Amino acid sequence: MLLFCKNKSLRLLAIASIPIGIMNVNEILLFGLPIILNPRMFLSFLLAPMANVAIAYAALSLGIMGSPWVSVPFNSPILINAWIATGET
């Protein structure tokens, strides 16, 4: 949306949600942009979490990353939470 949208209000909303999105709070994007009840985005909204699970399962079973064993807060930053949860150093 940020790169390809021509509507200035949607671009402003996408820019405003970046700092909050880094902390895993994405409700601004989900409800501010037309994502939740948009039939054109329904398929990608449904398939993206499935793809994430498949990629994570493949990475765990191939030994690319360690299994998460530490519980981290839901609002920890995006890449840091995975690093802390797996205990990798």
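Everything numeric here is computed off the predicted structure, so don't read it as measured data. Counting begins at 1 with the first residue of the sequence.
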When you group the ILVMFWY residues by side-chain heavy-atom contacts below 4.5 Å and let the links chain together, are [Y] and [X] in the same group?
X: Leu12; Y: Val25; value: no
X: Leu43; Y: Met50; value: yes
X: Phe45; Y: Ile55; value: no

Looking at [atom1] of [X] and [atom2] of [Y], how far apart are the two atoms once the value is rounded to the nearest 0.5 Å?
X: Met23; Y: Ile18; atom1: CE; atom2: CD1; answer: 15.0 Å
X: Leu13; Y: Lys8; atom1: CG; atom2: NZ; answer: 15.5 Å
X: Ile80; Y: Ile22; atom1: CD1; atom2: CD1; answer: 10.0 Å

TODO: Could you give me the CA-CA distance, side-chain angles and deciding distance for Ser67 and Leu60, then say whether side-chain contact (heavy atoms from CB on, under 4.5 Å) is met?
DONE: CA-CA 6 Å; Ser67 297; Leu60 286 170; 4.0 Å; yes
Shortest non-hydrogen contact from [X] toward [Y]:
X: Ser17; Y: Ala14; value: OG-O, 3.0 Å
X: Ile84; Y: Val70; value: O-CB, 3.8 Å
X: Ala85; Y: Val72; value: N-CG1, 4.0 Å

TODO: Indicate yes or no for a side-chain donor-acceptor contact from Ser61 to the backbone of Tyr57 under 3.5 Å, with no hydrogens or angles considered.
DONE: yes
